[in-house]
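For reference, the structure discussed in these notes is given below.
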Amino acid sequence: MLLLIKYTLLYGIVLMMVALGGMFSEHSGIINIALEGIMVIGGVAGVLTLTMLPSSMPVFLVVLISVLVAALAGMVYSLLLAFASINLKADQTIGGTALNLLATAIAVVIAKYFSDSGSAKLNYSNKPFLFSIGGLELSIFVPLGIILLIISYVVLYKTRFGLRLRACGEHPQAADSVGINVYKMRYAGVVISGALGAIGGMAYIVPPVQTWNFEVGVAGAGFLAMAVMIFGQWKPFNIFGAAMFFAVFKSLANIADSTFLAQLHWSSNIYNMMPFVASMIILAFTSKNSMAPKAEGIPYDKGSR
């Protein structure tokens with residue numbers, strides 16, 4: 001049970017943070033298919049920072065600096081999507097897909113450059129990111145994710161910025177008519193999405209292991225986070241619940257051999273497939289009741305009404 005809780009919290013927080021990033025982007029009116037690539041960029045930036053920081057540095061600074069660098073890398077990378085979608089009015093789905101492919105290629109090249117063996121694997125220390133409570137080993141990203149969840153809710157529903165952001169995703173022409181700069185708000189939504197997605201990417205890679213092969217990227221976690229966002233109806237606390245629901249299935253793949261499920265003699269690949277199968281089934285039944293922002297994916301034109 002402790003193992004199930006550990007892996008569920010670890011993977012659930014990752015999905016939640018990335019889904020929250022997608023939520024901010026889509027509430028501004030931009031579909032962020034590039035979450036997968038942003039996770040990879042954030043992960044490689046955070047890992048490289050960990051390998052370069054001196055071992056004598058205090059643990060708090062190691063965590064803070066590496067997370068901030070990962071977030072900054074995600075923000076910069078997300079600007080490519082923002083520029084293509086907002087300024088060039090390019091197709092957001094195609095642009096996001098291209099950035100996903102580009103991110104893995106960039107990560108592999110960087111990893112091979114800094115790797116001692118010449119492969120795409122990087123070694124690092126994950127000890128600063130782990131702590132124990134009553135025998136349960138957790139990641140520092142668990143409390144960080146809860147804090148970001150609360151902040152996301154407050155920003156989205158209790159601030160003027162959140163109201164304007166949601167207005168730009170629902171009816172940008174109406175928002176523009178009252179003096180809201182739709183372009184700036186959409187840039188802000190995508191950049192916030194980049195920061196949260198990159199932190200989620202680092203949380204996916206660093207705490208569980210001490211070596212990562214960037215040729216595998218993040219194994220579809222970004223797309224699963226999008227399913228979590230849709231299942232959570234673009235609402236922060238609903239997204240948290242959906243993330244934990246999907247994380248339970250993913251966790252079974254890690255602990256099945258040490259539980260009664262071992263008697264079934266199923267391959268771990270079956271358990272790894274369960275979150276994706278469950279997402280397809282759930283989305284098929286809930287898509288009719290979708291509360292997606294009405295203007296998401298539609299390039300804004302000041303001249304249209």
Side-chain angles (χ1 to χ4, degrees), residues 7 10-22 25 31-51 66-67 69-81 92-115 117-124 126 129 139 141 193-229 243 246-247 249-250 253-254 268-269 271-276 279:
Y7 286 115
L10 178 62
Y11 196 66
I13 289 296
V14 170
L15 291 177
M16 183 201 72
M17 286 194 290
V18 180
L20 288 176
S25 180
I31 298 176
N32 194 348
I33 299 293
L35 288 173
E36 181 93 357
I38 290 171
M39 289 181 71
V40 174
I41 294 297
V44 72
V47 166
L48 284 178
T49 304
L50 280 178
T51 60
S66 58
V67 170
V69 170
L72 181 61
M75 293 167 69
V76 172
Y77 194 68
S78 67
L79 286 175
L80 296 175
L81 175 66
Q92 297 168 16
T93 303
I94 295 176
T97 303
L99 289 177
N100 286 335
L101 299 174
L102 178 62
T104 304
I106 292 174
V108 169
V109 171
I110 293 175
K112 286 185 176 182
Y113 181 80
F114 286 96
S115 175
S117 61
S119 67
K121 294 182 178 180
L122 289 177
N123 300 314
Y124 47 87
N126 62 356
F129 295 88
S139 162
F141 288 105
S193 175
L196 291 172
I199 295 174
M202 187 177 179
Y204 179 85
I205 291 172
V206 174
V209 295
Q210 294 184 333
T211 301
W212 188 262
N213 184 1
F214 283 94
E215 289 183 353
V216 301
V218 290
F223 294 109
L224 186 55
M226 292 194 67
V228 167
M229 175 192 67
F246 286 112
F249 290 103
K250 182 69 175 179
N254 296 319
S268 61
N269 292 327
Y271 297 104
N272 284 325
M273 288 168 55
M274 283 184 177
F276 299 96
S279 66

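Numbers here simply count residues along the sequence, with the first being 1.
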Looking at every heavy atom in both [X] and [Y], which two are closest together, and how far apart are they?
X	Y	result
Val69	Ala45	CG1-O, 4.0 Å
Thr97	Thr93	OG1-O, 2.8 Å
Ala198	Ala70	CB-O, 3.0 Å
Asn100	Ile33	ND2-O, 3.0 Å
Val108	Ala120	CG1-CB, 4.2 Å
Ala103	Tyr77	N-OH, 3.2 Å

Can you tell me how far the [atom1] atom of [X] sits from the [atom2] atom of [Y], to the nearest 0.5 Å?
X	Y	atom1	atom2	result
Met226	Ile31	CE	CD1	7.0 Å
Leu15	Leu10	CG	CG	10.0 Å
Leu48	Tyr124	CG	OH	11.0 Å
Leu80	Leu102	CG	CG	7.5 Å
Thr211	Asn126	OG1	CG	9.5 Å
Met229	Ser193	CE	OG	9.0 Å

Query raised in the report: What class does the angle between the rings of Tyr204 and Tyr11 fall in, given that below 30° is parallel, 30 to 60° is tilted and above 60° is perpendicular?
Result: tilted
**Report entry** Sole residue of Ile199, Val14, Ile205 in side-chain contact (heavy atoms from CB on, under 4.5 Å) with Met39
**Finding:**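 So the option named by the test is Val14.
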Do [X] and [Y] have side-chain heavy atoms sitting under 4.5 Å apart?
X	Y	result
Phe214	Ile110	no
Leu50	Met202	yes
Val218	Glu36	yes
Val47	Phe114	no
Ile13	Ser139	no

Query raised in the report: Ignoring hydrogens and geometry, is there a side-chain-to-backbone donor-acceptor pair from Ser115 to Lys121 under 3.5 Å?
Result: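 The answer is yes, because a donor-acceptor pair under 3.5 Å joins these two groups.
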Query raised in the report: Is there a donor-acceptor contact under 3.5 Å from the side chain of Ser78 to the main chain of Met75?
Result: yes
Requested in this report: Any chance you could lay out the side-chain contact (heavy atoms from CB on, under 4.5 Å) test for Ile106 and Val44, step after step, and finish with the verdict?
Outcome: CA-CA 9 Å; Ile106 292 174; Val44 72; 5.9 Å; no
